[in-house]
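To start, the structure itself, in structure tokens.
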Amino acid sequence: MAEKPTIPKGTRDFSPAEVVKRNYIFDTIKQVFRLYGFQPIETPAMENLSTLMGKYGEEGDKLLFKILNSGDYLSRASDDLLREKDSVKLTSQLSEKGLRYDLTVPFARYVVQYRNDIVFPFRRYQIQPVWRADRPQKGRYREFFQCDVDVIGSNSLLNEAELIQIIDDIFKRLKLNTVVKLNNRKILAGIAELIGQREHLTDITVAIDKLEKIGLDHVNAELAGKGIPAEAIQKLQPVLALKGTTSEILSRLEEILSQSVTGMNGLEETKTILRYLDAMDLSISVELDLTLARGLNYYTGAIIEVKTTDMKMGSICGGGRYDDLTGIFGLPDISGVGVSFGAERIYDVLEHLNLFPQEYPEITRVLFVNFGEREEAYCLPVLERIRREGINAEIYPENAKMKKQLNYANKKEIPFVALAGESEMTAQKFTLKNMSTGVQQLVTPEEMIRILLQTSAR
RNA sequence: GUGGAUGUAGUUCAGUUGGUUAGAACGCUGGAUUGUGGUUCCAGAGGUCGCCGGUUCAAAUCCGGUCUUCCACCCCA
């Protein structure tokens, strides 16, 4: 016996039921994106390694999937490097392509490459899989989908506000209760500046980010561990202790940050965004959260993260403003802002809360039971008419036992079954059975179409 | 990358100090029911116990390796 086939670690197959549910999420997201004037782009699964390397930090480079060159790749590698067995150096000779790690960097590449054809501000969305050679865990895969929306080439804070509006719209449609956490990199920079630790901004934000998770004492310990003087940590305490409503925190920050130009700048931006949001009549609540840091270093302004209040789960959407993403590809001073929806996590949340709809456009709405050749011939034209009406319909392909055919409908969750035997054929009608209620009625093809369209969810 | 668990029918799990033909429930297939499913009853199929190797008269059980899945850290979606 051959061994059972498997798929690579951290990858998944999706069954019909799963694909249908995933499409529900993707379709909802896409619909809203389009509604706000965003257009889709797609980029290749693989990029040149030179495009990807160095964009995600040292850790990120390790997590890149690299693609071996084609042909006799070893013959072109230097003998010295082969003998040295230095993987990093050798890789550059054996591989020049890699699988994309996220959608943001390929997007930046795209913008730079087609800068003369793109109409700015460029509003694009992109829903594609990305790959990371991470160690898999639950909710963490080596292949997963990202849904990114970005506006590039506009400094207006209206973009930030609109993205939050989009978030509100999407999660409203998905019937998920969420909160938006808002912060600003400039506020964090201002804080670092005031305690005299500007060069430790990253360490400080990474540590502050963990406040909720590991508590104040551990955060302070971690800060000390990063070489930040006790005096500076002491100065940081009032900020870490800030609590209250967004407006309370804002006014307290105004005092604290008054000596920092950058900090005040970030504060002003935040207030502007909040003012825009006031005019938008959102149902989602937006809170200022200073502990929100987001790992990635390329954010320069607003930082956004979304959490569900319905269950314990990490963020399901996040993003922010980045001022110089295209700079690394030689096109400086183009500002962008965007967010990414974590489809896999949203899936887990909806599944856990049972929020997926019962009916999907993909599901067959009516199954014609097959009683034999004559009955088949009677059903086929009607089946054809029903399909023309846009109703998903199928006929059981063989004259199997009734029990088996109804069971098939049950398992596929087909809501209606049409039966036609001797009596129906002479009456030129069908018996239409509702599989959930068990009720059945004798109807003409026209009536059947009407019922099927009426009861359809959409 | 570091540390820790896990793996037995399709699924969830039993399996005594190593000892004959490895069990249950659910699911599956068929029948009771020649045109009526989700209930019930009856019957049946299905496992070289993740994979490779070692110890032993004897391994699902002990040991080593490997892979998978999961958990914590790191990082992240």
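Side chains included, hydrogens not; waters and symmetry mates left out as well; all remaining heavy atoms used. Here is how names work: the chains are called A, B, and so on, in the same order as the sequence lines, proteins then strands, and each is numbered from 1.
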To the nearest Å, give me how far apart CG (A:Leu64) and C1' (B:C76) are.
14 Å

Could you pick out which residue, A:Ile316 or A:Pro136, lies toward the 5' side of RNA chain B when each is mapped onto its nearest nucleotide?
A:Pro136

Is A:Glu389 salt-bridged to A:Arg365, cutoff N-O under 4.0 Å?
no

Report which part of the nucleic acid A:Thr104 touches: base, sugar-phosphate, or nothing (heavy-atom distance under 4.0 Å, all strands).
nothing

List in chain and number order the residues that pass salt bridge (Lys or Arg N to Asp or Glu O under 4.0 Å) with A:Glu424, two or more places apart in sequence or in another chain; answer none if no residue qualifies.
none

Quick one: which of B:U69, B:C76, B:G35 gets closest to the side chain of A:Arg345?
B:C76

Can you see whether A:Glu362 engages A:Asn392 through a side-chain donor-acceptor pair at a distance of less than 3.5 angstrom?
no

Listed partners of A:Lys429 passing side-chain contact (heavy atoms from CB on, under 4.5 Å), at least two apart:
A:Ala427, A:Leu442, A:Thr444

Just grab all the ring pair (Phe, Tyr, Trp, His ring centres under 6.0 Å) pairs involving residues 423-448 of chain A, residues at least two apart or on different chains.
A:Phe368-A:Phe430, A:Tyr378-A:Phe430

Which nucleotides of nucleotides 25-32 of chain B have their base under 4.0 Å from a protein heavy atom (B), which only their sugar-phosphate (S), and which neither (-), written as one string 5' to 3'?
---S-SSB

Between B:A77 atom C1' and A:Tyr101 atom OH, what is the distance in whole Å?
10 Å

Identify which nucleotide among B:G35, B:C71, B:U69 has an atom closest to any side-chain atom of A:Lys9, counting heavy atoms from C-beta outward.
B:U69

What residues from residues 412-422 of chain A pass a heavy-atom cutoff of under 4.0 Å to RNA chain B?
A:Leu419, A:Gly421, A:Glu422

With no angle test and no hydrogens, is the base of B:C75 tied to the side chain of A:Arg132 by a donor-acceptor pair under 3.5 Å?
no

Between the base of B:G4 and the side chain of A:Arg135, is one N or O donor paired with an acceptor at under 3.5 angstrom?
no

Side chains of A:Ser436 and A:Asn434, donor plus acceptor under 3.5 Å
yes

Interatomic distance, A:Phe144 CZ vs B:A77 P [rounded to whole Å]
7 Å

Check step by step if side-chain hydrogen bond (donor to acceptor under 3.5 Å, both in side chains) holds for A:Asp323 and A:Ser335.
CA-CA 4 Å; A:Asp323 274 336; A:Ser335 185; 2.6 Å; yes

I want to verify a distance call: between B:C71, B:C75, B:G37, whose nearest atom is closest to the A:Val206 side chain?
B:C75

Identified stems (criterion: three or more consecutive Watson-Crick or G-U pairs, under 3.5 Å), RNA chain B
B:1-5 with B:69-73, B:10-13 with B:23-26, B:28-32 with B:40-44, B:50-54 with B:62-66

base_contact_polar (B:G35 base, A:Glu424 side chain, donor-acceptor, <3.5 Å)
yes

With no hydrogens and no angle check, just 3.5 Å: does a side-chain donor-acceptor pair link A:Tyr360 and A:Asn23?
no

How long is the line joining CZ of A:Arg374 and P of B:G35, in whole Å?
14 Å

What's the CZ-C1' distance between A:Phe430 and B:U36, to the nearest Å?
17 Å

Parallel, tilted or perpendicular, as decided by the 30° and 60° cut-offs, for the rings of A:Tyr101 and A:Tyr56:
tilted

Once you round it to whole Å, what is the distance between C1' of B:G37 and CG of A:Leu432?
15 Å

Kindly say if A:Gln405 contacts the phosphate of B:U36, meaning a side-chain N or O under 4.0 Å from OP1 or OP2.
no

Is the distance between the ring centroids of A:Phe33 and A:Phe341 under 6.0 Å?
yes

Could you give the CZ-to-P distance, from A:Phe145 to B:C76, as a whole number of Å?
22 Å

Salt bridge or not for A:Glu394 and A:Lys412, using N-O below 4.0 Å?
yes

Of the candidates B:G35, B:G37, B:A72, the side chain of A:Asn410 sits closest to B:G37

Report the distance from atom CG of A:Asn434 to atom P of B:G38, rounded to the nearest whole Å.
16 Å

For a quick check of understanding: with a heavy-atom distance under 4.0 Å over all strands, which category does A:Gly372 fall into, base, sugar-phosphate or nothing?
nothing

